[in-house]
There are 2 protein chains.
Amino acid sequence: MSTQDPALFALLNEIGIIEQLARNRFERAQPDGLRLPHFAVLNHLVRLGDGKTPGQLARAFQLTKATMTNTLQRLEARGFIRLEPDAEDARAKRVFLTPEGRARREEAVAFTAADLSALAQRADIHADAMLAPLRALRTALDRDPRRG
Amino acid sequence: MSTQDPALFALLNEIGIIEQLARNRFERAQPDGLRLPHFAVLNHLVRLGDGKTPGQLARAFQLTKATMTNTLQRLEARGFIRLEPDAEDARAKRVFLTPEGRARREEAVAFTAADLSALAQRADIHADAMLAPLRALRTALDRDPRRG
DNA sequence: CTTCTTTAGTTCGATGTCTTACTATTTAGT
DNA sequence: ACTAAATAGTAAGACATCGAACTAAAGAAG
């Protein structure tokens with residue numbers, strides 16, 4: 001885009017391209033077709049604890065419940081999670097990691113950490129400096145309803 | 001994600017969320033179902049000139065040719081572009097904007113500029129400062145090519 | 001307790017994107 | 001010139017995502 005763009009416009013443009021490149025880079029590196037959203041859910045369950053409901057996960061990732069249903073069905077089909085009924089609320093389910101799911105997450109984390117570490121060294125990326133401003137932008141987009 | 005994440009990992013995570021929020025924000029604001037990739041192509045043709053080939057557009061957006069074929073077919077069906085055979089290369093086509101396509105792009109630009117401008121004012125976004133480092137990150141990720 | 005509303009999750013159809021495979025045309029190598 | 005490799009575009013199949021419509025269950029109002 002040109003220098004005449006409002007800076008925020010150009011920024012979001014750049015962000016879109018980076019997201020696409022990063023997602024492709026991750027997914028092409030997986031030997032078994034693990035998708036980024038699959039990894040994201042596994043990672044979330046390891047870090048923040050499993051036993052969450054699908055709805056909680058959908059809200060955490062800002063995805064619709066329908067999308068999370070799809071992701072969880074695929075993770076379950078791969079044997080990476082179990083879905084159990086919630087004893088206290090018959091409408092709800094609870095998502096639990098299997099040992100295979102934990103192991104697959106560790107594998108993906110290890111690879112990704114190595115890849116990103118190498119990338120950050122080859123190029124002079126100042127990720128620390130960008131993190132705070134991007135979080136501010138995310139927050140702004142997140143709670144600022146659209147006008148009109 | 002937690003503070004134990006490598007900064008680049010957390011950064012890409014944040015970027016993924018922002019991309020999703022920004023795309024949804026744009027698309028929900030369109031009255032006619034115009035998608036972000038459609039707008040991106042119209043905008044590109046206005047700014048850099050039409051008469052490009054589908055392959056050139058695919059490379060410009062780092063998408064596969066198949067994806068660009070799909071986008072162009074939808075833009076043509078909406079009457080926003082015309083596809084003409086290339087006189088010098090019988091394999092190729094050339095993409096031209098229609099008056100309707102130009103008008104629709106102007107409409108979307110006006111809305112988006114206003115929306116982003118308002119957003120940038122309400123929140124304290126330093127888009128200028130982030131642009132250069134993000135471009136460096138994009139360039140670093142970009143070394144991986146081989147597309148259709 | 002009965003009814004209305006809200007919440008949890010699924011299903012369905014549409015769209016964007018990718019990979020793989022294909023056709024047609026151009027270019028390069030010999 | 002002939003043939004092989006590269007390039008332009010398309011088609012088919014897979015998957016992620018969304019919105020709308022649906023079912024089931026819990027909560028609120030009376």
Side-chain angles (χ1 to χ4, degrees), chain A residues 16-17 19-41 51-78 81 83-95, chain B residues 16-17 19-42 51-78 81 83-95 144-148:
Chain A
I17 296 172
E19 190 279 334
Q20 183 190 12
L21 292 172
R23 180 169 33 77
N24 286 345
R25 185 186 188 91
F26 176 88
E27 294 185 350
R28 280 196 265 112
Q30 305 310 313
D32 59 352
L34 190 79
R35 303 306 181 101
L36 190 54
H38 301 176
F39 168 71
V41 168
K52 311 286 188 201
T53 68
Q56 287 175 326
L57 293 172
R59 282 190 291 277
F61 290 106
Q62 310 241 29
L63 297 171
T64 62
K65 291 183 301 178
T67 298
M68 189 53 62
T69 293
N70 181 289
T71 297
L72 294 177
Q73 284 172 345
R74 293 183 191 275
L75 283 172
E76 189 178 33
R78 282 168 176 267
I81 62 168
L83 286 169
E84 299 186 1
D86 185 323
E88 297 175 2
D89 187 337
R91 298 169 301 181
K93 296 180 177 179
R94 296 285 170 174
V95 184
Chain B
I17 296 171
E19 190 279 334
Q20 182 189 16
L21 291 172
R23 179 169 33 78
N24 286 345
R25 185 186 187 90
F26 176 89
E27 294 185 351
R28 287 206 226 101
Q30 305 310 313
D32 58 352
L34 189 79
R35 303 307 183 99
L36 190 54
H38 300 174
F39 167 71
V41 167
L42 293 181
K52 310 288 189 202
T53 69
Q56 287 175 324
L57 294 172
R59 283 189 291 275
F61 290 106
Q62 312 242 26
L63 297 170
T64 62
K65 292 183 302 177
T67 298
M68 189 52 61
T69 293
N70 181 292
T71 298
L72 294 178
Q73 284 173 344
R74 296 187 189 271
L75 283 171
E76 189 177 34
R78 280 168 178 266
I81 62 167
L83 286 169
E84 299 186 1
D86 185 323
E88 296 176 3
D89 188 336
R91 296 169 302 180
K93 296 181 176 178
R94 296 285 170 173
V95 184
D144 213 8
R146 186 59 68 205
R147 294 185 171 280

Whole-Å distance between [N] [atom2] and [X] [atom1]?
X       : N      : atom1 : atom2 : answer
A:Asp32 : D:dA14 : CG    : P     : 18 Å
B:Lys52 : D:dA8  : NZ    : C1'   : 17 Å
A:Glu27 : D:dA14 : CD    : C1'   : 12 Å
B:Glu88 : D:dT7  : CD    : P     : 19 Å
B:Leu21 : D:dT17 : CG    : P     : 13 Å
A:Asp86 : D:dA26 : CG    : C1'   : 12 Å
A:Lys65 : D:dC22 : NZ    : P     : 15 Å
B:Glu19 : D:dT17 : CD    : P     : 11 Å

With the side chain of B:Ala90 defined as its heavy atoms from C-beta on, choose the nearest nucleotide among D:dA8, C:dT26, D:dA16.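 Among the listed nucleotides, the one closest to the side chain of B:Ala90 is C:dT26.
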Any idea which of D:dA25, C:dT25, C:dT17 is nearest the B:Leu63 side chain?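 Nearest listed nucleotide: C:dT17.
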Side chains of [X] and [Y]: does their closest heavy-atom pair fall under 4.5 Å?
X       : Y       : answer
B:Leu42 : B:Ile81 : yes
B:Arg35 : B:Thr71 : no
B:Met68 : B:Leu72 : yes
B:Arg78 : B:Asp32 : yes
B:Thr53 : B:Val95 : no

Strictly distance-based, threshold 3.5 Å: is any side-chain N or O of A:Glu27 a donor or acceptor partner for the main-chain N or O of A:Leu36?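 Flag set: sc A:Glu27 to bb A:Leu36 pair under 3.5 Å.
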Nearest nucleotide by nearest heavy atom, which residue falls closer to the 5' end of DNA chain D, A:Gln62 or A:Asp89?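 Its nearest nucleotide lies further toward 5', so the answer is A:Gln62.
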Could you pick out which residue, B:Leu72 or B:Arg91, lies toward the 5' side of DNA chain D when each is mapped onto its nearest nucleotide?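 Its nearest nucleotide being more 5', the pick is B:Arg91.
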May I ask you to verify if any side-chain N or O of [X] is less than 4.0 angstrom from the OP1 or OP2 atom of [N]?
X       : N      : result
A:Arg28 : C:dT19 : yes
A:Thr69 : C:dT10 : yes
A:Thr53 : C:dA8  : no
B:Thr64 : C:dC18 : yes
B:Gln20 : D:dA16 : no
A:His38 : D:dA16 : yes
B:Thr67 : C:dC18 : yes
B:Lys93 : D:dT10 : yes
A:Thr71 : D:dT17 : yes
A:Asn24 : C:dC18 : yes
B:Gln73 : D:dA11 : yes
A:Arg23 : D:dC15 : no

Counting only distance, no hydrogens or angles, is the base of C:dT15 paired donor-acceptor with the side chain of B:Arg35 under 3.5 Å?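 In this structure, the two groups form no donor-acceptor pair.
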